[in-house]
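Here's the structure we're looking at; comments come further down.
Numbered from 1 within each chain, the chains take letters A, B, ... in sequence-line order.
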Amino acid sequence: MARETASARRARALRIVRLLAKAYPDAACALHYRGAFELLVATILSARCTDKKVNEVTPAVFARFPTPTAMAQADPAELERLIQPTGFYRQKAQSILSASQDLVGRFDGSVPGTLEALVTLRGVGRKTANVVLGNAFGVPGLTVDTHMTRVNRRLALTQHEDPEKIELDLMELVPRKEWTIYSHRVIQHGRVCCDARRPRCEQCPLRAECPWPEQHGS
DNA sequence: ATCCCGAGGG
DNA sequence: CCCTCTGGAT
């Protein structure tokens, strides 16, 4: 594909948005949660871990520590044991405890609804903050995780590796109201089709808009 | 740049 | 065995 002009790329991005909507009309957050606090905890646990695995451990976690107040007083060893299958369990337990203590101490026991406040919590970066904003508060947010990074790079909607730079590129290309649902659809697409190891370009709904198959002979 | 860390697939 | 899975802190 010859070098693409900015306006051509913008038009292509909009076609991709439409194709994704048709291919994944029901895409949604795959984590199981009730309310902002549970979503925050589930999203911290989802780092480098499948959502499926997270959903297996969270019912017991939420049953045992249902509120920020309860979680803030949790025994670290018990929490570590409950979340152990998700990996990185010491850091994650520490993050969940510390973040919960901050919710109680600095945010009146509830999850704040702004990016600036959320990222001050231990274990919460832009990606996690945007998941909470988009799904618990209805504030548009692009959640640049491993799937968003891989798929958008293959689509040549960004050249960057740094998640924050990718987020800025996508903010220019994807209509603001679509940010949250676009993230869900790209993540689903990354799981079922645009696989990390071997993308299934033959059956990809975005094939006509993607330079990857031509460049990699499939 | 490196570390955390378990589990599943090829 | 190596890579990947809804990252973040040091």
Side-chain angles (χ1 to χ4, degrees), chain A residues 20 24 26-33 36 38-58 60-61 76-77 79-103 111 115-137 139-155 157-158 160-168 170 174 178-200 216 218:
Chain A
L20 283 169
Y24 308 104
D26 302 320
C29 185
L31 298 169
H32 297 166
Y33 66 96
E38 289 190 1
L39 179 58
L40 177 65
V41 173
T43 308
I44 290 173
L45 291 176
S46 75
R48 305 334 297 265
C49 175
T50 60
D51 53 322
K52 184 168 177 287
K53 185 66 67 180
V54 173
N55 290 333
E56 287 171 14
V57 307
T58 44
V61 174
L79 183 57
E80 286 178 10
R81 184 171 50 73
L82 288 171
I83 67 174
Q84 191 264 356
T86 67
F88 299 158
Y89 59 89
R90 286 198 197 83
Q91 273 94 324
K92 288 176 180 176
Q94 164 78 333
S95 294
I96 291 166
L97 248 84
S98 174
S100 297
Q101 288 162 2
D102 266 6
L103 294 182
V111 178
L115 185 83
E116 309 83 73
L118 283 165
V119 296
T120 68
L121 299 170
R122 163 73 61 164
V124 179
R126 290 183 69 88
K127 182 261 172 182
T128 299
N130 275 325
V131 170
V132 173
L133 286 176
N135 299 285
F137 291 97
V139 179
L142 290 160
T143 59
V144 182
D145 59 22
T146 166
H147 292 304
M148 282 277 278
T149 299
R150 180 182 67 255
V151 173
N152 285 297
R153 281 173 55 81
R154 283 178 178 165
L155 285 167
L157 293 183
T158 183
H160 292 295
E161 301 263 15
D162 175 24
E164 193 164 338
K165 291 180 179 172
I166 294 172
E167 186 182 341
L168 290 175
L170 293 176
V174 178
E178 308 280 340
W179 286 354
T180 302
I181 188 67
Y182 178 79
S183 300
H184 288 147
R185 285 171 176 151
V186 169
I187 288 164
Q188 183 175 351
H189 181 61
R191 284 204 312 258
V192 304
C193 180
C194 197
D195 192 70
R197 304 261 178 112
R198 201 190 67 78
R200 307 174 178 197
H216 297 80
S218 64

*asked:* Quick test of your reading of the model: are A:Glu167 and A:Lys127 salt-bridged, counting only N-O distances below 4.0 Å?
replied: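 Not counted as a salt bridge, because no side-chain N and carboxylate O are separated by less than 4.0 Å.
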*asked:* On DNA chain C, compare the nucleotides closest to A:Ala28 and A:Val124; which residue's is nearer the 5' end?
replied: A:Ala28
With respect to the side chain of [X], which nucleotide from [options] is positioned closest?
X	options	answer
A:Val131	B:dG6, C:dT6, C:dG7	C:dT6
A:Ala196	C:dT4, C:dT10, C:dT6	C:dT4
A:Arg48	C:dT6, B:dC4, C:dC5	C:dC5

Does [N] have OP1 or OP2 under 4.0 Å away from a side-chain N or O of [X]?
X	N	result
A:Arg90	B:dC5	yes
A:Tyr89	B:dC4	no
A:His184	C:dT6	no

May I ask you to say what [X] touches in the nucleic acid, namely base, sugar-phosphate or nothing, with a heavy-atom cut-off under 4.0 Å?
X	value
A:Ser46	sugar-phosphate
A:Thr146	sugar-phosphate
A:Arg198	nothing
A:Leu121	sugar-phosphate
A:Thr43	nothing

*Could you give the distance separating C:dG8 and B:dA7 at their P atoms, to the nearest angstrom?*
22 Å
_Rounding to an integer number of angstrom, what distance separates B:dC3 and C:dT6 when you compare their P atoms?_
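The answer is 24 Å between these two P atoms.
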*Minimum heavy-atom separation for A:Arg185 to A:Tyr24, with atom names?*
NE-O, 3.0 Å
*Which heavy atom in A:Asn55 sits nearest to a heavy atom in A:Ala30, and how many Å separate them?*
ND2-O, 2.9 Å
*May I ask you to decide if A:Thr86's main-chain N or O and A:Lys53's side chain share a donor-acceptor pair within less than 3.5 Å?*
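Absent.
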*A:Gln91 or A:Pro85: which one's nearest nucleotide on DNA chain B is closer to the 5' end?*
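Final value for this comparison: A:Gln91.
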What integer distance in Å separates [X]:[atom1] from [N]:[atom2]?
X	N	atom1	atom2	answer
A:Glu80	B:dG6	CD	C1'	14 Å
A:Asp195	C:dC5	CG	C1'	11 Å
A:Ile83	B:dG6	CD1	C1'	11 Å
A:Arg197	B:dG8	CZ	P	15 Å
A:His32	C:dT6	NE2	C1'	14 Å
A:Asn152	C:dT6	CG	P	16 Å
A:Arg150	C:dT4	CZ	P	8 Å
A:Leu40	C:dG8	CG	P	11 Å

_In the structure I gave you, are the side-chain heavy atoms of A:Thr120 and A:Glu116 within less than 4.5 Å of one another anywhere?_
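Answer no - side chains too far apart.
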*Is any side-chain heavy atom of A:Val111 less than 4.5 Å from a side-chain heavy atom of A:Leu118?*
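Answer yes - side chains close enough.
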*asked:* Looking at B:dC4 and A:Phe88: do their rings stack (centroid distance under 5.5 Å, interplanar angle under 30°)?
replied: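 It does: the two rings, one from A:Phe88 and one from B:dC4, meet the stacking criterion.
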